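One structure is given below, encoded as structure tokens.
Please read these numbers as outputs of a predicted model, since none were measured by experiment.
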Amino acid sequence: MQVKFAKRIDNMKGSEIREAIKLTLKPGMISFAGGLPAPEMFPVAEMKDAANHVLEEAGAVAMQYATTEGYDPLREKIAARMKEKYDIHTVPEQILITNGSQQGLDFSGKLFLDEGDVVLFESPSYMGAFNAFKAYQPRFMEVPTDEEGMIPDALEKILQTTERVKMIYVIPDFQNPTGRTWSLERRKAFMEIINRYNIPVIEDNPYGELRYEGEAVPSLKSMDEKGLVIFLGSFSKILAPGYRIGWICAAPEILQKYIFIKQGADLQPSTVSQMEISRFMELYDLDAHVERIRKLYGSRRKLMLDTMKETFPAQVKYTNPKGGLFTWVELPENMDAREVLMKCVEKNVAYIPGGAFYPEGGKENTFRLNFSNMPEDKIVEGIRRIGEVLQSVMQ
């Protein structure tokens, strides 16, 4: 075919996460690859009840076109929840409903990035953000990151010496892929820097409510005095990803531009999905539902970490996340996690190699494990199989 595509397509490729999830379809495969919630936690009966209420009470409204900004009762509930959970004092008018928070990433790239602009990331960071931004042909730069978050001195040095930095993307709470959470001191230092340089920040927070130990840390958006932080939230991890309902919270002048972008992209979010989630929150206790999720995931996290301690070689390091869905594994520097994965797949167990989470590549001695999706017996068996492979290749 002699079809000519746009240049931006040259930089785009399939998501390694999406490809890895295909491994779950193989019979007998124990997969720690995707960031999938536990399906047994989906409130199927409750959502059926909520859907019936919506269709019986306002079916014609639910099936009609609606506003780009989103369903007002749901925006009101989100604004109230953000104040309660994250100390973010906002109003419904500063909330835009999106088709998952991933759409918020794509829109952020469209809003802020021209070809050759620079986006700063934690090192490592969420590969889905790389894929969302690549279409706009920016340059990616990693900011050195430790257990407490982005290192302030390193961030400031980059901002002092790098032209055309247009945006910073961060996941301060239970980061994907490492599971780490930024300390309060690190958050304050970060905000002081971005306020001086007036750099927009995308604070991606899909996991913030899934804390299993310790005290909550204030969000970056709650410290935002200049309107530089754009907060992305989602119902995917606390309710069900299939609804594809997320949101953007931003200063009015920024949010208006997001609204223009959404009008050109898909006109509006799903009216039915929004109304069903809003009705669920009226009929049922979402906090109680989230608490049940936390109890299950917290137990699975502990089981995975305990099994890793028992079965992994002593030279292997891994994070101890206080929440979220992932732990991050670091092998000795001379090892390649992709090669190890091939041996693991032969034993019907899978994970995501870590190199894909570095925008500049490298660090192939790392990998990510998800603990939310697999039941307890498969967590023990799957980690045991990975441990056997590691023991065999590290002898």
Side-chain angles (χ1 to χ4, degrees), residues 15 17-18 21 34-37 42 68-71 74-75 77-79 81-82 85-86 88 90 92 94-113 119 121-122 125-136 167-177 179 181 200-211 219-222 224 229-251 254-255 257-259 261-262 265-266 268-270 273-274 277-278 281 286 290 293 323-326 357 370 372:
S15 165
I17 295 175
R18 297 291 104 187
I21 288 175
L36 279 65
F42 298 155
T68 300
E69 292 85 344
Y71 182 54
L74 182 59
R75 295 167 76 201
K77 292 179 179 68
I78 289 170
R81 197 167 186 85
M82 290 182 66
K85 303 300 179 183
Y86 304 116
I88 297 173
T90 188
Q94 293 182 16
I95 304 291
L96 170 66
I97 306 296
T98 57
N99 290 321
S101 60
Q102 186 71 22
Q103 187 176 61
L105 295 178
D106 177 58
F107 287 179
S108 297
K110 186 175 289 187
L111 177 58
F112 290 110
L113 300 176
V119 185
F121 289 88
E122 296 164 274
S125 190
Y126 171 49
M127 71 172 74
F130 309 155
N131 292 337
F133 299 151
K134 277 180 181 177
Y136 307 102
M167 185 170 70
I168 305 175
Y169 172 79
V170 295
I171 313 172
D173 292 283
F174 320 126
Q175 197 240 19
N176 182 359
T181 297
V201 174
I202 309 300
E203 181 181 13
D204 199 359
N205 194 321
Y207 319 108
E209 292 195 40
L210 301 181
R211 174 177 283 278
S219 64
L220 298 179
K221 184 65 178 171
S222 71
D224 183 21
V229 179
I230 296 99
F231 182 98
L232 304 185
S234 175
F235 285 101
S236 291
K237 304 303 188 293
I238 62 172
L239 198 61
Y243 280 95
R244 305 311 303 134
I245 295 296
W247 67 89
I248 298 169
C249 177
I254 293 178
L255 193 75
K257 291 179 171 56
Y258 277 108
I259 293 169
I261 291 170
K262 187 163 180 64
D266 60 6
Q268 62 158 99
S270 165
S273 293
Q274 293 178 86
I277 289 176
S278 181
M281 294 173 73
L286 180 56
V290 173
I293 294 174
L325 306 184
F326 309 107
F357 295 96
N370 165 263
S372 61

> Of all heavy-atom pairs between Val229 and Glu203, which one has the smallest distance, and what is that distance?
Replying inline: CG1-OE1, 3.6 Å
> Passes side-chain contact (heavy atoms from CB on, under 4.5 Å), Trp247 versus Phe231? Steps please.
Replying inline: CA-CA 8 Å; Trp247 67 89; Phe231 182 98; 4.1 Å; yes
> Measuring from Asp204:CG to Ile230:CD1, what's the distance to the nearest 0.5 Å?
Replying inline: 12.0 Å
>> Can you give me the closest heavy-atom contact between Phe326 and Pro177, atom names plus distance?
In response: CB-O, 3.6 Å
> How long is the gap from NZ on Lys257 to NZ on Lys110, to the nearest 0.5 Å?
Replying inline: 15.5 Å
> Closest approach of Ile202 and Ser108, non-hydrogen atoms and distance?
Replying inline: CD1-OG, 3.5 Å
>> Test of understanding: with side chain to side chain contact (heavy atoms under 4.5 Å, CB included), list the residues that count as partners of Thr90, not counting sequence neighbours.
In response: Ala79, Met82, Ile88, Gln94, Ile95, Cys249
> Which pair of heavy atoms, one from Asn370 and one from Gly35, lies closest together, and at what distance?
Replying inline: ND2-CA, 3.9 Å
> Looking at Phe42 and Leu239, what are the two nearest heavy atoms and their distance?
Replying inline: CD2-O, 3.6 Å
>> Using the rule given for side-chain contact (heavy atoms from CB on, under 4.5 Å), can you reason through Ser278 versus Lys77, listing the C-alpha separation, both sets of side-chain angles and the distance that settles it, and then say yes or no?
In response: CA-CA 8 Å; Ser278 181; Lys77 292 179 179 68; 2.9 Å; yes
>> Under a 3.5 Å distance rule, please check whether Glu122 uses its side chain to pair with a backbone N or O of Ile171 as donor and acceptor.
In response: yes
> Distance-only, no hydrogens or angles: does the Ser101 side chain make a donor-acceptor pair with backbone N or O of Gly104 under 3.5 Å?
Replying inline: no
> Do Phe121 and Phe130 pass the ring pair (Phe, Tyr, Trp, His ring centres under 6.0 Å) test, and can you show the C-alpha distance, the side-chain angles, and the key distance before you say yes or no?
Replying inline: CA-CA 9 Å; Phe121 289 88; Phe130 309 155; 4.8 Å; yes
> How far apart are the closest heavy atoms of Pro200 and Phe112, and which atoms are they?
Replying inline: CG-CE2, 3.7 Å
> Quick one: side chain to side chain contact (heavy atoms under 4.5 Å, CB included) partners of Glu209, sequence neighbours excluded?
Replying inline: Arg81, Lys85, Tyr86, Ile238, Val290
>> For a side-chain contact (heavy atoms from CB on, under 4.5 Å) check, start with the C-alpha distance between Ile78 and Arg75, then their side-chain angles and the critical distance, and finish with the verdict.
In response: CA-CA 5 Å; Ile78 289 170; Arg75 295 167 76 201; 5.6 Å; no
> Taking side chain as C-beta onward, heavy atoms only, is Phe357 less than 4.5 Å from Asn176?
Replying inline: yes
> Looking at CD of Gln268 and CG of Asn99, how far apart are the two atoms once the value is rounded to the nearest 0.5 Å?
Replying inline: 9.0 Å
> What's the spacing between Lys237 NZ and Leu210 CG if we round to 0.5 Å?
Replying inline: 9.0 Å
>> What I'd like to find out is whether the side chain of Ile248 reaches to under 4.5 Å of the side chain of Gln103, using heavy atoms alone.
In response: no
> Between Asp173, Thr181, Leu325, which is the residue that forms a side-chain contact (heavy atoms from CB on, under 4.5 Å) with Tyr207?
Replying inline: Leu325
>> For Arg244 and Thr98, which I'm curious about, is there any donor-acceptor pair between the side chains at under 3.5 Å?
In response: no
> What distance do Leu232 atom CG and Leu96 atom CG have between them, rounded to the nearest 0.5 Å?
Replying inline: 10.5 Å
> Under the 3.5 angstrom rule, does the side chain of Ser125 hit a backbone N or O of Val170 as a donor-acceptor pair?
Replying inline: no
>> side-chain contact (heavy atoms from CB on, under 4.5 Å), that's the test. Do Gln102 and Tyr126 meet it? Break it down for me.
In response: CA-CA 11 Å; Gln102 186 71 22; Tyr126 171 49; 2.9 Å; yes
